[in-house]
Amino acid sequence: MTRVRFAPSPTGDLHVGGARTALFNWLFARKTGGTFILRVEDTDGARNTEEAAQGILKGLRWLGLDWDEGPDAGGDYGPYFQSQRKAIYDAYLAKLDAAGRVYTEENGAVRFKFSRTPITVHDLVCGDVAFAATEEPDMTVRRPDGSYIFHFVNVVDDIEMKMTHVFRGEDHLSNTWKHIDLFNAFGTTPPTYAHIPLILNPDGTKMSKRDEGSAVEKSYMNEGFLPDAVFNYLCLLGWTPRTEGEKLSREALTNLFDPAEIHNANARFDMDKCKWFNAQYLRALSPEALLAGCRRFIEAAGYEIKDDVMAAAAVFSVKEKVSLLTEIPAWVHYFFRSDYTYENDVLLKLKAKPENAGLLEAAAAGFLSLAEWTEASIQLAIEDAAKSLAAKPGALMPLLRYALSGQSRGPGVNTIAHLIGQESTLQRIERTLALN
RNA sequence: GACCCUGUCGUCUAAUUGGCCAAGGCACCCGACUUUCUAUCGGGGUAUUGCGGGUUCGAAUCCCGCCAGGGUUGCCA
């Protein structure tokens, strides 16, 4: 039975690199039928906040990375906040003391005596990485105030929580020999390691908290990404399932996942590709699901949704135009209000030709006489109106689009007219004709 | 500085593990279509596989050197 964990430190938002680390752990646990554990490493009282901890849980839940043991989930190896495990660490420190592997400094700090032998890390991703006997000073494991250091608690908890594998960022690789030294000192076998490459900015520099795409909540949840899309993109950053297409379900990704195939080169983040994935997932949504996803963005933009069925059809009609949910309001705002403004070039185009008003009037007359208001009947009415003035439908279509939406781009004109209704369609044409 | 990881189109990755002309996605460019488009359709590979040597009939792949990027070297995690 495999047991893996994601062990974030609550010092800020869930970082995209951390999210991917969690993702690989989750994939491995699900693939092997193992257990995914969430452990909060809040040993640095000065930098950890409850808000950050909650934010990380929120981000993980949004991505659908559910944990089997951890905060809110419980489990047999808790507590899952390191700040609540001091007694356990004290006991383990006593073991090291009994073995003569630690000593106390004058100020009270406790240091672990390195074995000072060569240590090789057997890594699923990086292969065997050998480290010569160290010349570094012995490692501090407990501060003078009695609190413990990351390397120590991390190892103790991996022992206590019976971790079989450790998937973590490659930034930990250089320190892993220290962890193995500790496992050995405790007389335990280290878990199998897999150090995954880091995510870099597009320019190859380290991605920090302020960079685009770094924070899960700020850059994805609030920017209109779909969890499945981000999940899919992150999976393929540093790992390839070698399938025909790249849009793959969680189930498929889980089945295909093989940690040995993870790259050991850092990858640059590509927001365009991530958005492309989002566009793919967005288009696969039902009208109802799409509306559910973008509802908060439409309302935040100040548009009131009175009719859910119409709203769902409206957002559905522009799904091919956007890649993010946040882009939808700008495409559909005229469905929710009649006092939309006309884009500048739209006004110019409306007034460009003297015959435009006549065309619109003919369309209005045609619409007025329609007994049945369907996309098909509207389409016919438009064609008839154009024909009556010896014009092509193509000359009238854009004018109607401008009149009904104030925009030069959007879904089909008959779709717009159908959704806003016969009465509103006539009113909008009238309003537009009155502009002159 | 020392140690560790890594270098294939702009970018994410392929390349039957030393064997056809280095392949695909995203991006990009060109064209077409359409009532519009950031859509759709069609076309285009844009690379001296970081650089220089070496081994070999043959190297992206193996070896050496160099360079570049990233990481670690905390009483941060």
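Heavy-atom basis, side chains included; hydrogens, waters and symmetry copies ignored.
- Closest to the Ser174(A) side chain, of the nucleotides C75(B), C12(B), G71(B), is G71(B).
- Ring planes of Phe112(A) and Phe114(A): perpendicular class, angle over 60° (limits at 30 and 60°).
- For C5(B) and G44(B), the C1' atoms lie 37 Å apart once the distance is rounded to whole Å.
- No side-chain donor-acceptor contact under 3.5 Å links Thr205(A) to the backbone of Asn201(A).
- Relative orientation of the Phe28(A) and His165(A) rings is tilted, given thresholds of 30° and 60° on the angle between their planes.
- G74(B) makes up no base pair with any nucleotide shown, lacking Watson-Crick or G-U wobble contacts both under 3.5 Å.
- Across all strands shown, Val413(A) has heavy atoms under 4.0 Å from base atoms, whether or not it also approaches the sugar-phosphate.
- Residue Gly238(A) is classed as a sugar-phosphate contact, given heavy-atom separations below 4.0 Å to backbone atoms only.
- Atom CD in Gln280(A) sits roughly 11 Å away from atom C1' in G25(B) (whole-Å rounding).
- In the interface, the side chain of Asn107(A) is paired with the base of C75(B) through a donor and an acceptor atom under 3.5 Å apart.
- When rounded to the nearest whole Å, the span between CG of Asn264(A) and C1' of U72(B) equals 17 Å.
- Here the separation of G7(B) from C51(B), taken at their C1' atoms, is 11 Å to the nearest Å.
- Between Arg143(A) and A77(B), a side-chain N or O to OP1/OP2 separation shorter than 4.0 Å is present.
- Toward the 5' end of RNA chain B, the nearer of the two residues Cys274(A) and Pro202(A), judged by each one's closest nucleotide, is Pro202(A).
- Proximity of Arg168(A) to the phosphate of A77(B): no side-chain N or O atom is located under 4.0 Å from OP1 or OP2.
- Annotated as anti: U8(B), whose glycosidic dihedral deviates from 0 by more than 90°.
- Summarising the geometry of Gly358(A) relative to Leu389(A), their closest heavy-atom pair is O-CD1, 3.6 Å, with the distance given to 0.1 Å.
- In this structure, of C12(B), A77(B), G71(B), it is G71(B) that holds the atom nearest to the side chain of Leu198(A).
- Across all strands shown, G45(B) forms no Watson-Crick or G-U wobble pair with both key distances under 3.5 Å.
- Salt-bridge annotation for Glu246(A) and Lys273(A): present, with a side-chain N of the basic residue lying under 4.0 Å from a carboxylate O of the acidic one.
- Phe152(A) places its CZ atom 17 Å from the C1' atom of C76(B), with the value rounded to the nearest Å.
- Using a 4.0 Å heavy-atom distance criterion, His263(A) is classed as a sugar-phosphate-only contact.
- As judged by a 4.0 angstrom heavy-atom cut-off over every strand, Gly410(A) is placed among the base-contacting residues.
- Regarding contacts with the backbone of U73(B), a side-chain N or O of Asn175(A) is found under 4.0 angstrom from either OP1 or OP2.
- Whole-Å rounding puts the His151(A) NE2 to A77(B) C1' distance at 8 Å.
- In terms of phosphate contacts, Ser9(A) brings no side-chain nitrogen or oxygen within less than 4.0 Å of OP1 or OP2 of A77(B).
- The base of C37(B) sits with one of its N or O atoms less than 3.5 Å from a complementary donor or acceptor on the side chain of Lys321(A).
- Within the 4.0 angstrom heavy-atom criterion, no nucleotide atom of any strand lies near Trp177(A).
- Lys113(A) pairs by the side-chain hydrogen bond (donor to acceptor under 3.5 Å, both in side chains) definition with nothing, not counting sequence neighbours.
- Aromatic ring centroids of Tyr402(A) and Tyr342(A) lie 6.0 Å or more apart.
- Comparing G69(B) with A77(B), their P atoms are spaced 29 Å from each other, to the whole Å.
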Glu41(A) vs Arg39(A), salt bridge (charged side-chain N to carboxylate O under 4.0 Å, His left out): CA-CA, chis, key distance, verdict: CA-CA 6 Å; Glu41(A) 306 219 328; Arg39(A) 182 174 78 217; 2.8 Å; yes

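- Between Phe150(A) atom CZ and C76(B) atom C1' there is a gap of 10 Å when expressed in whole angstrom units.
- Atom C1' of G50(B) sits at a distance of 16 Å from the matching atom of U61(B), rounded to the whole Å.
- Each of U72(B), U38(B), U73(B) was ranked by its minimum atom distance to the side chain of Trp331(A); first place goes to U38(B).
- Within the nucleic acid shown, Thr43(A) comes within 4.0 Å of sugar-phosphate atoms alone, with no base atom in reach, counting heavy atoms only.
- Nucleotides G18(B) and C62(B), compared at atom C1', are 8 Å apart to the nearest Å.
- With a 3.5 Å ceiling on both atom-pair distances, C9(B) lacks any Watson-Crick or G-U wobble partner.
- Put simply, Arg142(A) has no side-chain N or O that comes within less than 4.0 Å of OP1 or OP2 on C75(B).
- Residue Arg268(A) places no side-chain atom within donor-acceptor reach of the base of U11(B), judged by atom type and a 3.5 Å distance cut-off alone.
- Proximity note for Thr205(A) (side chain, C-beta onward) versus G70(B), C75(B), G71(B): the nearest is G70(B).
- Straight-line distance between the P atoms of G31(B) and G70(B): roughly 40 Å, to the nearest whole Å.
- Scanning all heavy atoms of the two residues, the minimum distance from Thr43(A) to Arg143(A) falls at O-NH1, 3.8 Å.
- Straight-line distance from the CZ atom of Arg39(A) to the P atom of A77(B): 13 Å, rounded to whole Å.
- One can place CE of Met207(A) at 16 Å from C1' of G69(B), the figure rounded to the nearest angstrom.
- Under the Watson-Crick and G-U wobble criteria, each requiring two contacts below 3.5 Å, nucleotide U40(B) is paired to A32(B).
- Between Gly204(A) and Ala109(A), the residue anchored closer to the 5' end of RNA chain B is Gly204(A), taking for each the nucleotide with the nearest heavy atom.
- In the set U11(B), A14(B), C4(B), the nucleotide with an atom closest to the side chain of Phe131(A) is C4(B).
- For His172(A), taking side-chain heavy atoms from C-beta onward, the closest of the listed nucleotides G24(B), A77(B), C37(B) is A77(B).
- Candidate nucleotides C26(B), A77(B), C5(B) were compared by shortest atom distance to the side chain of Asp272(A), and C26(B) ranks first.
- Among the atoms of the strands shown, none is found under 4.0 Å from any heavy atom of Lys392(A).
- The closest side-chain donor-acceptor pair between Tyr77(A) and Asp157(A), if any, does not fall under 3.5 angstrom.
- Here, U6(B) and G25(B) have their C1' atoms 23 Å apart, quoted to the whole Å.
- Counting any heavy atom pair closer than 4.0 Å across all strands shown, Pro398(A) reaches sugar-phosphate atoms only and no base atom.
- We find that CZ of Phe277(A) is positioned 11 Å from P of A27(B), with the value rounded to whole Å.
- The side chain of Asn266(A) sits closest to G70(B) out of C12(B), G25(B), G70(B).
- Closest to the Ala265(A) side chain, of the nucleotides C4(B), U6(B), A14(B), is U6(B).
- Counting only heavy atoms from C-beta on, Ala267(A) has its side chain closest to U13(B) among U13(B), C4(B), C76(B).
- Scanning atom types as modelled, no donor and acceptor separated by under 3.5 angstrom connect the side chain of Lys206(A) and the base of G71(B).
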